[in-house]
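Below: one structure, written as structure tokens.
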Amino acid sequence: MPRYEPEKIENKWRKVYNEKKLYEANLNEKAEKFFITVPVMYPDGRLHTGHMYTWARADIFARFQRMQGKNVLFPQGFHMTGGPMAGMSLRLKNGDEKAIELMKKQGANNEDIKKFAENPLELGLFFGNTYKNDFDLVGISIDWRRNFILSYTKQYSRFVEWQFRTLRKLGYVTQGSHPVVWCPKENTSLGDHDRAEGEGESPLEFTIIKFKIGEFILPAATLRPETVYGVSNIWVNKNGKYNKITLSNGERWVASEEFARKLPYQSNAAEKVEEFDITSIINKTAINPINGEEIPVLTGEFVKTDVNTGVVMGVPMHAPFDYYHYKKIGETTKLKEAKKIIDVSGRETLIEDAIKKFGSDEKGLEEATKYVYKTEFNYGVLNDKNGVLSGKPTKDTKESAIDLIKSKKAYEKFYETSAVIVCRCGTKGIIKLVENQWFIRYSDKELKEKSIELVQRMDIRPEEAKAQITNAIYNMEDKAATRNGGLGTPLPWDKDWLIEPLSDSTIYMSYYTFAHLIKNIKEDEITDELFDYILLGNGNATDFSDAVKEMKKEFDYWYPLDMRVTAKELITNHIAFFIMTHVAIFNKEKWPKGLGINGWITVNKQKMSKSKGNTMTIDYIVNTYGADSARLVASASNGMDDAEWDIQNISGFKQKIEFILDITEILASFSNERKLVDEFLLSNINRLIDSAEKEYYSMKYKNSVNYSFFKLVDFIKQYINYGGNNKDTIKYALTIFAKLNHPFFPFVTEEINNVINGGELLEKHASWPKMIKGYDNEVIENEFDVVKQTLDDINTLIKITKKTPEEITIGIAEKEKFDIYNKIKEKADITRDLKEIRQGLQTSDFVNKLLKNPKRLPDRKLDYEKELRVFTELSDKFKEVYNAKIHIEESKEDKAMPGKPLILIK
RNA sequence: GCAGGGGUAGCGAAGCGGUCAAACGCGUAAGGCUUAGGACCUUAUGGCUUAGGCCUUCGAGGGUUCGAAUCCCUCCUCCUGCACCA
């Protein structure tokens, strides 16, 4: 018997598929089209199992649709817009050891790395090439002719320009200023992916209140301007370095040196910066601009000079740090009593309690701060010591507090990071206020409404994702669409700006439809009018060349997009942008139709990702286990939950494949004998076709392999085990096995089908099997269940009695009992009311037994003749299993029930 | 803070008002096969039980129902995303 040799089989069919160009999709008016995409990939490293998961899921659907007779287009592009590649290139250029090592580990040599350092696009092209190989290896059925690179392809840049001019014409573009996390060394914004530390952190807006001290201003930064009436003092850190900053309006600020360095990124007001001896103002008196109160400047070593201004207002009764240190200084120096200005009813000693609870070390005070802020914010009210703010709930006071501060000309704002952020280059990130930033107005109410309406109609799997997407759109704010570093297409009307990567990739799927044709069109022929004509149907056909008309034909045929497959983390950004931009630009009939959202793979509960180092590259896994085995990963989950993937699963898969290959090989040696067990197998397999199809359709692949693979194999095993040996039945079972599993395991199933049936390829239109009505046989399925149950029961009995059976008698209930049983079964389908069921039945011990519990009423149809025949047919099997004499007979005993024969063991 | 999704056997998970320990996969144990290991096959895998039985379970508590993991309420707890970044 031959071993399963995946490499041999896979090479063979991979070659056939490529030679016959089966993955290349051509316009064919006669065939129904199906257009499926996965987002463009950003080629900055090798592909791993995590990627394979998403693409295999899409590929399975693509193949499934092909087998349904659809003309399937599954293209794939690359994305080379944006920061990470440029950042990596820069790091390589600077000789960053870590970066160089990372590239080497992924197969780049010194020559390559030199090229990457010179041009980040080279890096993308290098990895892009490995992707094509890896995908081909694992059998992702992509039409590579339509591949293109965003936004590196010149023609595509034209397309993005058209997109943005169109959005602007429609009024969806606006301009304003915007705070971003920034690396001052690489001079670029720091997205999550560019950070070595501080993922998920964002800019936080602080209010600066200007306290006067002599000729100087102390700018105190706070998140709670509403506590300004409770200020007891100003904190500075006597160990910190401070500057005197002269502003263009003449104000002279005293703030930390770090602040002076950060300020220019948010305002160009500073004219002169000089050193300042902070100790010279400690214990001097400052003025609260809101109420004119005189307050001392105190030193507090807890004040961080690298955050905000290095000047903090002390509000002891409402801030644990202030409380603790103010008290401490108060022990030796006479200080005014701190004012309590926020009341939380029933929590008079909130701050004392909080410190007691969490402790007075730094960590404890931090915890206490969170706790106090939260409690006061949600339940607090500003008491009568708050001037014009008195009586307001804390929750609603921030805005009016700011207005008040503004009216005293004491207001300023400053952005700070919500926690420490470090760039991959090692530099600490700061906040830059980007002026004149261009936005796409995703906040537009009408656009949101239309988009949400579309989402309700879309075919989204899993169903739960619909609510999330709806919500994401509902909460959408304006999106900064440009940036001033990295790679990308310049904004057509303001060339200083580059269009940002999430914004140049919202409707590019339409570009796939003609990507292979537009390559031949000269750049200057690609005008806005051309795209208006192709994509929106505007303009006159006579104005365009045949080549352009051809492109329009492709677009009209393939668009809209039928299915987009992505991981769930894209819901709140890319998916929302994708849907909304389509709604904004395209005619209604071109809006997207379907989505497939998946979770991610975890290994030991950790998300599989490059940064965690828990991945395997695709070429490794395919070379080690085979492509079909590797694709099993797509069955890791049903919906968008995270799915734990265990490489051990592959061994069970292989065992079963070998079993199937074995019977495939010896198919000719089976007989022509037909028995009840044939009906059993045909009926079950027939039903599996339907079950598997439904699960494939809703992308619940864990369920679909369960049916098409594990259950089906199990049925064939049972069939053989019960003595089935009919050649036609087995041939049918194997054929269905090959077909139902082909989307999942294309190569080995093609081989199996080829061996038993020859002829046409499965990877061809409309090879999906249909159910055969006559094969359905519910009663036979039930009776074989009875056999299984009876075998179990016999085992239990033998175990309990510890007997070695010499004779086993199986007593089938008499026909009358079956009649009553089936009658009750029919009634129980309608009602569970025992009285109602009892009506018209003669009372007997048997009836009483069946009607004891409404939960245990008869619920499957059985048949006397069949039950007797099934057991008779299998008596040899029983004999073999128990090595005992077997009697099958009718029995009048009470214990002989329909579906539960009497068992006697001697 | 805002939003979304969970808590079922050793693990991953199915089940979403009615086949009485719960699909399927993995793991584990025993037996078989084998020179041995691996692989493979069979059986078992909540507890008790000398005749197919009983008891206890689906995060916790309460409710609706003849009947709830499944519906309703309260609580505990875990995970994920939050944008200028692919």
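In what follows, chains carry the letters A, B, and so on, assigned in the order in which the sequence lines appear, proteins first and then strands, with residues in each chain numbered from 1. Predicted model only: the values in this text are computed from it and were never measured. Side chains included, hydrogens not; waters and symmetry mates left out as well; all remaining heavy atoms used.
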Rounded distance (Å) that lies between atom [atom2] of [N] and atom [atom1] of [X]:
{"X": "A:Arg441", "N": "B:rA83", "atom1": "CZ", "atom2": "C1'", "result": "18 Å"}
{"X": "A:Asp504", "N": "B:rC84", "atom1": "CG", "atom2": "C1'", "result": "12 Å"}
{"X": "A:Asp793", "N": "B:rA44", "atom1": "CG", "atom2": "P", "result": "12 Å"}
{"X": "A:Tyr474", "N": "B:rA83", "atom1": "OH", "atom2": "P", "result": "20 Å"}
{"X": "A:Lys700", "N": "B:rC16", "atom1": "NZ", "atom2": "P", "result": "10 Å"}
{"X": "A:His574", "N": "B:rG81", "atom1": "NE2", "atom2": "C1'", "result": "16 Å"}
{"X": "A:Leu791", "N": "B:rA44", "atom1": "CG", "atom2": "C1'", "result": "15 Å"}
{"X": "A:Met476", "N": "B:rC84", "atom1": "CE", "atom2": "C1'", "result": "13 Å"}

Give one of base, sugar-phosphate or nothing for [X], where a contact means two heavy atoms less than 4.0 Å apart.
{"X": "A:Thr790", "answer": "nothing"}
{"X": "A:Ile647", "answer": "nothing"}
{"X": "A:Ile798", "answer": "nothing"}
{"X": "A:Pro901", "answer": "base"}
{"X": "A:Ile571", "answer": "nothing"}
{"X": "A:Leu570", "answer": "base"}
{"X": "A:Lys432", "answer": "nothing"}
{"X": "A:His178", "answer": "base"}
{"X": "A:Gln437", "answer": "nothing"}

When the [atom1] atoms of [M] and [N] are compared, how many Å lie between them, rounded to an integer?
{"N": "B:rG37", "M": "B:rG31", "atom1": "P", "result": "12 Å"}
{"N": "B:rG18", "M": "B:rA39", "atom1": "C1'", "result": "44 Å"}
{"N": "B:rU45", "M": "B:rA21", "atom1": "P", "result": "13 Å"}
{"N": "B:rU70", "M": "B:rG59", "atom1": "P", "result": "8 Å"}
{"N": "B:rG5", "M": "B:rC72", "atom1": "P", "result": "13 Å"}
{"N": "B:rC73", "M": "B:rA68", "atom1": "C1'", "result": "15 Å"}
{"N": "B:rU80", "M": "B:rG62", "atom1": "P", "result": "32 Å"}
{"N": "B:rA14", "M": "B:rA22", "atom1": "C1'", "result": "9 Å"}

Identify which nucleotide among [options] has an atom closest to any side-chain atom of [X], counting heavy atoms from C-beta outward.
{"X": "A:Gln648", "options": "B:rG52, B:rG27, B:rA86", "result": "B:rG27"}
{"X": "A:Phe577", "options": "B:rA83, B:rA86, B:rA51", "result": "B:rA83"}
{"X": "A:Lys717", "options": "B:rG27, B:rA83, B:rC41", "result": "B:rC41"}

Original post:
Is the gap between the ring centers of A:Phe206 and A:Tyr415 under 6.0 Å?
Top reply: no
Subject >> Aromatic ring proximity A:Phe784/A:Tyr722, centre distance under 6.0 Å >> reply: yes
Original post:
Which comes earlier along RNA chain B counting from the 5' end, the contact point of A:Thr572 or that of A:Asn721, where each point is its nearest nucleotide?
Top reply: A:Asn721
Original post:
Which sits closer to the 5' end of RNA chain B, A:Lys895 or A:Thr81, going by the nucleotide each is nearest to?
Top reply: A:Lys895
**OP:** Please assess A:Lys861 against A:Glu778 for the test side-chain contact (heavy atoms from CB on, under 4.5 Å), listing each intermediate value before the final yes or no.
**Re:** CA-CA 8 Å; A:Lys861 208 172 163 196; A:Glu778 192 196 330; 4.3 Å; yes
Go ahead and name the base partner of [N]; Watson-Crick or wobble counts if both distances stay under 3.5 Å, otherwise write none.
{"N": "B:rG12", "answer": "B:rC24"}
{"N": "B:rU42", "answer": "B:rA30"}
{"N": "B:rG18", "answer": "B:rC66"}
{"N": "B:rA3", "answer": "B:rU80"}

Original post:
Parallel, tilted or perpendicular for A:His574 and A:Phe578, by the 30°/60° rule?
Top reply: parallel
**OP:** Look at the rings of A:Phe653 and A:Phe709 and say which category their plane angle falls in: under 30° parallel, 30 to 60° tilted, over 60° perpendicular.
**Re:** parallel
**OP:** Compare every heavy atom of A:Ser503 with every heavy atom of A:Lys479, then report the nearest pair and how far apart it is.
**Re:** CE-OG, 3.8 Å
Atom [atom1] of [X] with >12 non-hydrogen neighbours under 6.0 angstrom:
{"X": "A:Glu806", "atom1": "CD", "answer": "no"}
{"X": "A:Asn883", "atom1": "CG", "answer": "no"}
{"X": "A:Lys466", "atom1": "NZ", "answer": "yes"}

Subject >> Which residues share a side-chain hydrogen bond (donor to acceptor under 3.5 Å, both in side chains) with A:Thr394, sequence neighbours left out >> reply: none
Subject >> Lys/Arg cation over aromatic A:Phe659: A:Lys717, 6.0 Å, 45° cone >> reply: yes
**OP:** Using side chain to side chain donor-acceptor pair (under 3.5 Å) as the criterion, point out the one residue from A:Asn475, A:Thr174, A:Asp478 that pairs with A:Ser443.
**Re:** A:Asp478
Subject >> Per-nucleotide protein contact string for nucleotides 18-25 of chain B (B base, S sugar-phosphate only, - none; heavy atom under 4.0 Å) >> reply: BBB--BSS
Can you tabulate the close N/O pairs, meaning under 3.5 Å, that link protein atoms to atoms of nucleotides 3-7 of chain B?
residue	atom	partner	partner atom	Å
B:rA3	O3'	A:Asn471	ND2	3.3
B:rG4	OP1	A:Asn471	ND2	3.4
B:rG4	O2'	A:Gln468	NE2	2.5

Subject >> Stepwise side-chain contact (heavy atoms from CB on, under 4.5 Å) test for A:Arg860 and A:Glu781 >> reply: CA-CA 10 Å; A:Arg860 51 184 181 177; A:Glu781 284 185 37; over 6 Å; no
Original post:
Can you find a side chain N or O atom of A:Arg483 that sits less than 4.0 Å from OP1 or OP2 on B:rA86?
Top reply: yes
